[in-house]
Number of protein chains: 2
Amino acid sequence: MSLNQVDRQILALIQQDASLSTAEIADKVGLSQSPCWRRIAKLEQDGYIKGKVALLDDKKLGFDMLVYANVRLSNHGRNNLAEFEELILSYDEVTECYTMAGTMDFMLRIISKGIDGYERFVRDNLLNLEYVQEVHSNVTMTCVKRTTALPL
Amino acid sequence: MSLNQVDRQILALIQQDASLSTAEIADKVGLSQSPCWRRIAKLEQDGYIKGKVALLDDKKLGFDMLVYANVRLSNHGRNNLAEFEELILSYDEVTECYTMAGTMDFMLRIISKGIDGYERFVRDNLLNLEYVQEVHSNVTMTCVKRTTALPL
DNA sequence: TATTAAAGAGAATAAAATTCTCATAATTTT
DNA sequence: AAAATTATGAGAATTTTATTCTCTTTAATA
């Protein structure tokens with residue numbers, strides 16, 4: 001099952017604004033409402049659309065600290081990767097986590113309230129773990145751009 | 001204007017799933033539909049909710065390459081920050097961009113199709129610029145976690 | 001060329017969003 | 001403390017949107 005041009009257009013639209021009505025979308029892509037609706041339903045069914053979410057204003061809610069932290073585990077820790085990853089999933093402050101090519105590190109995106117909030121998180125939840133060998137914090141200053149949209 | 005417990009609950013819910021109906025949300029937070037709707041409307045009005053978007057499956061759409069690139073500008077480039085940032089905004093492959101504390105670098109989150117897609121992007125759009133001094137690519141391997149939700 | 005499968009249009013229905021009116025509780029003012 | 005104002009909730013009414021259905025057209029296949 002593959003996507004045609006209209007499908008891509010639909011995806012491009014709703015990844016920017018999921019509050020568009022199917023009628024509006026239909027209009028923009030040159031379809032009538034019901035087939036447009038069916039396409040969207042199919043895109044969800046087939047898993048192209050993972051979900052719809054509201055994006056909140058982090059600054060306004062007090063989250064003024066955004067840090068990308070590189071975490072290096074000890075040899076011992078590498079045998080408990082599953083455990084570490086479970087923990088990461090449970091920490092709401094960690095909004096993203098990747099393993100990196102080259103190094104044996106994890107990169108974490110950590111959002112918190114103030115430097116103190118960040119320090120508390122790192123101390124209590126990362127340095128805490130015996131198998132965490134090193135945490136290197138890369139603090140962001142200004143957000144120039146941030147979008148969830150893919151370059152379709 | 002400040003948020004009460006119910007407002008926070010509402011935000012916590014819709015940042016996870018924006019397809020919930022106001023009736024469902026109302027139910028979960030212990031309100032009836034209309035006041036719940038009004039709260040949500042106010043949260044939008046007041047800017048706590050920046051928007052609603054559909055999250056797409058990047059892998060499924062062919063975006064299998066995710067890189068965090070550190071970009072260092074020359075002295076000359078630092079006098080054209082505005083121009084550089086404008087460009088960044090125009091590149092759909094760059095989904096995030098921050099200036100970093102400490103260094104005078106930018107950190108870019110770049111999503112593309114394959115190594116070749118990435119290389120093409122960097123060559124054509126970054127190395128291209130005379131005032132870009134250095135691009136350091138940090139390639140991600142596995143995505144352990146990724147959410148847009150704030151730790152409310 | 002006949003036949004089947006995909007995909008679109010438009011109308012009908014169901015569900016949800018939005019608005020309105022009224023009641024209650026909290027807060028402020030006198 | 002009483003009166004008045006404001007904020008917030010409930011429920012019904014209305015409008016809009018999502019969803020389903022039927023029919024037609026187009027495209028693909030035998």
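Chain letters run A, B, ... following the sequence lines, proteins first and then strands; every chain starts at 1.
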Original post:
What integer distance in Å separates B/Asn4:CG from D/dT8:P?
Top reply: 8 Å
**OP:** Could you check which residues of residues 16-32 of chain A get a heavy atom under 4.0 Å from DNA chain D? Sort them by number, please.
**Re:** A/Ser21, A/Thr22
Original post:
Mind checking what makes side chain to side chain contact (heavy atoms under 4.5 Å, CB included) contact with B/Glu83, not counting sequence neighbours?
Top reply: B/Asn80, B/Tyr131
Subject >> Short side-chain N/O contact to C/dA17 OP1/OP2 from B/Trp37, under 4.0 Å >> reply: no
**OP:** Write down the distance between CG (B/Asp46) and P (D/dA7), rounded to a whole number of angstrom.
**Re:** 13 Å
**OP:** Scan side-chain atoms only and decide if A/Tyr118 and A/Ser137 contain a donor-acceptor pair under the 3.5 Å cut-off.
**Re:** yes
**OP:** Would you check if the distance from the ring center of B/Tyr98 to the ring center of B/Phe106 is below 6.0 Å?
**Re:** no
Original post:
For B/Gln5 and D/dT8, what is the distance between atoms CD and P respectively, to the nearest whole Å?
Top reply: 15 Å
Subject >> Whole-Å gap separating P (C/dA15) and CD (B/Gln33) >> reply: 14 Å
**OP:** Pick base, sugar-phosphate or nothing for A/Arg38, based on heavy-atom distances below 4.0 Å to the nucleic acid.
**Re:** base
Subject >> Presence of salt bridge, B/Arg39 and B/Asp7, under 4.0 angstrom >> reply: yes
Subject >> Check ion pair B/Lys50-A/Asp57 (N to O, under 4.0 angstrom) >> reply: no
Original post:
In terms of side-chain heavy atoms of B/Arg39, which of D/dT8, C/dC20, C/dG8 is nearest?
Top reply: D/dT8
Subject >> Set of side chain to side chain contact (heavy atoms under 4.5 Å, CB included) partners for A/Arg38, sequence neighbours left out >> reply: A/Pro35
